[in-house]
Amino acid sequence: MVDPAGDNIATVRHLTRVFTSRRGMFGPKRTMRAVNDVSLDVPRGKVTGVVGESGCGKSTLARLVLRLIEASAGKVLFEGVDLGTLPAADLRKLRRRMQMVFQDPYSSIDPRYTIRRALLEPYQVQGVTIDAAAARLRIDELIAMVGLSPRMADSYPHQLSGGQRQRVGIARALALNPSLLVLDEPTASLDVSIQAQIIGLLEALKNDLGLTYLFISHDLSLIRYFCDRTVVMYLGRIVEVLPTSRTEPRHHYSRALMDSNFEPDPNRRKVVNRLAGEIASPFDLPPGCAFAARCPAATELCRRERPVLAQHGLGHQIACHHPIG
Amino acid sequence: MTTLASTEFASSTLGKVLLSPRGGLSALCLAIVIICAVFAPLVSPYQYDIQNLPLANREPSWAHWMGTDEFGRDLLSRIIHGARTSLTVAVVAIGISVAIGMSLGAAAGYFGGLFDRLVTAAVDLSWSFPEILIALILIAIVGPGLGSTMIAIGIAYLAQFTRLTRAQVMALKNETYIEATKNLGAGHFHIIFRHLLPNALPPVIVAGMLATGNAIILEATLGFFGLGAQPPTPSWGGMMSSGTAQIFIAPWIIIFPGLAIAITVIAINLFGDAIIEALDIRNRLRDA
Amino acid sequence: MALLSLDNVSVTIGRLHPLDGISFDLDRKEILGIVGESGSGKSLTALSVMGLLPLIGGKVTKGAIVFDGIDLVSLPETDYRRLRGKRIALISQNPMTSLDPIIRIGAQIDQVSQLHLGLSAVAAQARSIELMQQLRIPDAATIHGNYPHQLSGGMKQRMVIAMALAADPDLIIADEPTTALDVTIQAQIIQIMVDLVRERGLALMLITHDMGVVAQACDRVVVLYAGRVAEQAGVADIFATPKHPYTRELIRCIPRHGQAPGSLKGIPGTVPSVMDYPSGCRFHPRCAHAQAICGTEVPLLEQKTSGRAACHLTEVLAHG
């Protein structure tokens with residue numbers, strides 16, 4: 001399945017992650033498939049978006065792709081290398097090429113580190129020999145690259161605003177010249193006016209540095225704006241892959257997500273399609289389509305048999321027995 | 001320039017401690033005790049081990065501010081030298097405790113698994129015995145003396161620091177910056193020593209400070225039973241023990257060492273409280 | 001006469017002045033959006049109306065808050081208690097802070113109508129279940145006997161709404177009622193809340209940071225920035241012809257369907273902190289059009305062609 005032309009920077013095949021938990025010390029074990037048989041390509045130089053609500057497994061997927069947590073089954077190929085079988089030392093070296101920006105800018109920098117020290121850490125960790133003058137230059141360059149003022153280098157994280165901290169998080173991720181950035185809800189805890197700044201910065205950096213993004217978000221309008229391809233997840237599985245930002249969603253869940261997204265235009269008020277019920281517990285999933293309980297088009301077939309992700313037109317994949325249109 | 005420096009000092013942790021009333025007062029007391037301990041031969045008016053039987057059991061006077069003991073030795077000089085014994089034992093013992101406890105706690109909290117369960121079980125077990133009992137058992141095994149007192153007290157307080165460090169590390173390892181550092185390619189060593197331990201340190205230091213006060217009492221108790229420093233080395237507990245026989249004819253022999261213990265321990269506790277306040281870590285100590 | 005009217009309200013907490021000259025009216029049967037970013041003072045505005053400022057050590061130092069002819073600023077706490085929950089109800093962001101975890105959910109709703117409407121236990125329960133049904137809670141009678149932890153986040157927030165409605169209030173203040181919820185659940189809750197408020201002819205003050213929610217649900221909008229009103233107008237006007245540069249930029253921060261890549265820019269700078277608000281117009285350091293006067297003189301909230309705005313340059317910008 002490896003892409004010989006190298007068009008895909010990362011390839012994910014049948015990735016599954018099971019979490020087990022107990023109720024109390026002696027309670028029965030319960031298993032949750034946070035990510036369930038996910039296959040996905042991350043094309044080089046593009047922005048691939050993963051959208052879904054809480055419990056859909058998008059953050060777990062992000063960590064599995066970088067092997068920050070171990071997969072229960074399936075594999076991830078990064079630039080043709082199977083991360084799952086890579087020895088720990090080699091994996092640590094490879095981390096230079098794949099980095100992550102985290103959701104919470106308030107806790108993603110050690111509170112005891114100055115910004116300069118936090119930006120120097122990637123080189124120390126990777127054992128890159130860099131003399132003091134060169135390090136200083138590089139850190140100044142990184143700080144400028146993410147639009148921070150040079151005098152912030154000697155500040156501590158608590159002296160910066162959320163948006164400034166997120167810029168530091170991005171600079172840290174860029175320090176080692178990675179080719180893939182996994183962005184896990186990088187703007188979710190920021191103010192609206194700052195969120196748009198950060199998205200603008202990420203767009204510019206992608207063009208300047210030729211980066212590839214895997215962008216995780218719960219915000220479909222942001223995903224549709226920012227991403228070339230959109231992967232919609234529901235309770236651990238991919239339910240639809242939209243090949244372009246203009247593709248109309250055909251899965252009922254993707255449709256519901258679109259309809260739930262209020263546009264800043266009072267002339268385009270939505271009539272909310274009242275999804276019956278709520279997101280099911282990720283424990284004890286039903287045998288059929290996980291969305292069937294809330295789906296307006298669900299039939300007996302949906303409750304009995306799980307639809308597979310199938311091609312419907314160029315690059316458009318849908319896992320639905322009764323797609324829209 | 002001076003005003004800038006002074007406001008900077010006032011807002012630093014040390015400044016906050018020293019400028020608060022109880023922090024300043026307790027620091028002064030501790031400083032006196034520590035100076036006495038370090039420079040004992042220089043500050044004590046007499047030699048602590050010169051016996052002068054005709055002068056036995058004299059009450060406090062201008063010549064002997066705290067009186068003399070049953071062998072006519074100057075009590076003040078013995079208390080000053082006793083500070084040396086008490087502080088050395090307490091500090092070394094707690095040092096052992098903190099060093100081993102932090103290592104065990106950090107490893108258990110970070111790696112988890114079977115090792116963690118073993119450590120937790122051992123901590124819980126030792127938690128259910130009073131420190132004095134643990135120390136007595138250990139001294140019964142190794143025999144009395146200064147060295148074994150240090151080891152016994154050190155092990156008696158081990159559980160406390162193991163537990164505290166483990167709790168800190170367990171909380172800190174879920175911080176995003178730990179995951180972020182892992183994602184840079186950092187190994188366990190880097191994460192534990194560059195991030196987890198430095199961030200876990202403040203509450204451990206304060207707990208160590210407070211435990212030092214308790215260790216002084218424990219050392220005195222062991223000394224009182226004759227299990228600590230052996231004569232003629234003066235220790236506050238040992239002095240109180242020998243004072244019991246003279247309690248009705250020369251009560252100062254037991255009162256002044258007792259006061260020395262009380263003042264030192266109170267000063268340590270107040271100083272510790274002032275640090276807790278300055279660092280704002282009361283919650284972190286309680287959570288453990 | 002307006003049901004609720006704030007006139008030039010300023011609030012002080014210790015040495016800080018987080019609200020400065022807030023004025024707006026809210027009529028019966030109206031949904032008013034209070035929109036702003038963090039530190040804009042939108043939650044404090046809710047607390048001032050609820051008379052809860054003393055809880056955080058704050059007080060109204062200037063201006064008037066009048067609710068249905070009652071002067072709230074000088075109202076004694078005992079009288080306030082009769083108003084709160086009965087005539088003015090609050091829905092907060094985190095449902096768990098409004099629900100007692102150890103009391104059955106239904107009993108908590110019953111309490112409100114027993115306390116404020118003097119209903120018997122049986123009547124109160126019947127009323128609660130009816131309310132829950134109106135909020136489209138399936139199997140309301142069963143859920144009435146559940147504990148809060150047995151319910152999902154969206155369900156809990158519906159219970160909080162039921163509690164708010166239980167005493168038949170005239171005014172509901174909802175402070176970011178859906179921010180903690182998933183998108184699809186948020187849409188449902190907003191829809192249900194708006195429908196119920198309209199059916200019952202209540203007044204709703206909807207506090208949010210989300211311009212999408214404002215466009216979807218509100219009749220009129222007050223935009224707050226750094227503790228002051230930047231602009232207020234009808235919802236159609238504010239989106240079609242914003243009179244304050246901040247409002248215009250804030251709307252542009254939300255990507256629209258089909259928007260061209262690279263066109264999302266955000267507003268430069270950072271959201272100012274209450275510790276150091278800029279002089280003059282507090283938005284001027286981030287404003288692309290700022291002139292000398294903006295840094296020195298506080299713009300007054302003035303009547304414009306539509307709505308009111310506090311900007312020295314509205315007229316200039318309208319032609320530019």
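Atom set for the values below is all heavy atoms of this structure, side chains included, hydrogens, waters and symmetry mates excluded.
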Name the region of [X], side chain, backbone, both or neither, that has any atom closer than 4.5 Å to a heavy atom of chain C.
X        : result
A/Gln164 : side chain
A/Ser161 : side chain
A/Glu263 : both
A/Ile199 : side chain

Practice task
Decide yes or no for C/His144 and C/Ile105: does some side-chain heavy atom of the first lie under 4.5 Å from some side-chain heavy atom of the second?
Solution key: no
Sort out for me which of [options] touches chain C most, counting heavy-atom pairs under 4.5 Å.
options                                : result
A/Ala204, A/Gly200, A/Ser193           : A/Ser193
A/Asp191, A/Leu257, A/Ile194, A/Asn207 : A/Asp191
A/Gln195, A/Met258, A/Arg224, A/Lys270 : A/Lys270
A/Gly162, A/Ala196, A/Gly55            : A/Ala196

Whether the side chain of [X] engages the backbone of [Y] through a donor-acceptor N/O pair (distance < 3.5 Å, no angle test) should be reported.
X        : Y        : answer
C/Gln93  : C/Glu176 : no
C/Gln191 : C/Gln188 : no
C/Thr270 : C/Pro272 : no
A/Arg165 : A/Leu160 : yes

Checking [X] against chain A: side chain, backbone, both or neither under 4.5 Å from a heavy atom?
X        : value
C/Ala240 : neither
C/Ser273 : neither
C/Arg252 : neither
C/Ile190 : side chain
C/Pro138 : neither

Exercise for the section: Scan side-chain atoms only and decide if A/His218 and A/Glu185 contain a donor-acceptor pair under the 3.5 Å cut-off. Expected result: yes
Exercise for the section: Output the option from C/Gly262, C/Ala260, C/Pro268, C/Cys218 having the highest count of non-hydrogen pairs under 4.5 Å with chain A. Expected result: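 Option with the top pair count is C/Gly262.
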Handout entry: Interface residue of largest heavy-atom contact number with chain A, from C/Glu249, C/Met211, C/Arg286, C/His209, under 4.5 Å
Key =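 Most heavy-atom pairs under 4.5 Å with chain A: C/Arg286.
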How long is the straight-line distance from [atom2] of [Y] back to [atom1] of [X], given to the nearest 0.5 Å?
X        : Y        : atom1 : atom2 : answer
C/Asp175 : C/Ser92  : CG    : OG    : 7.5 Å
A/Leu61  : A/Met233 : CG    : CE    : 5.5 Å
A/His252 : A/Ile318 : NE2   : CD1   : 9.5 Å
C/Lys243 : C/Leu313 : NZ    : CG    : 14.5 Å

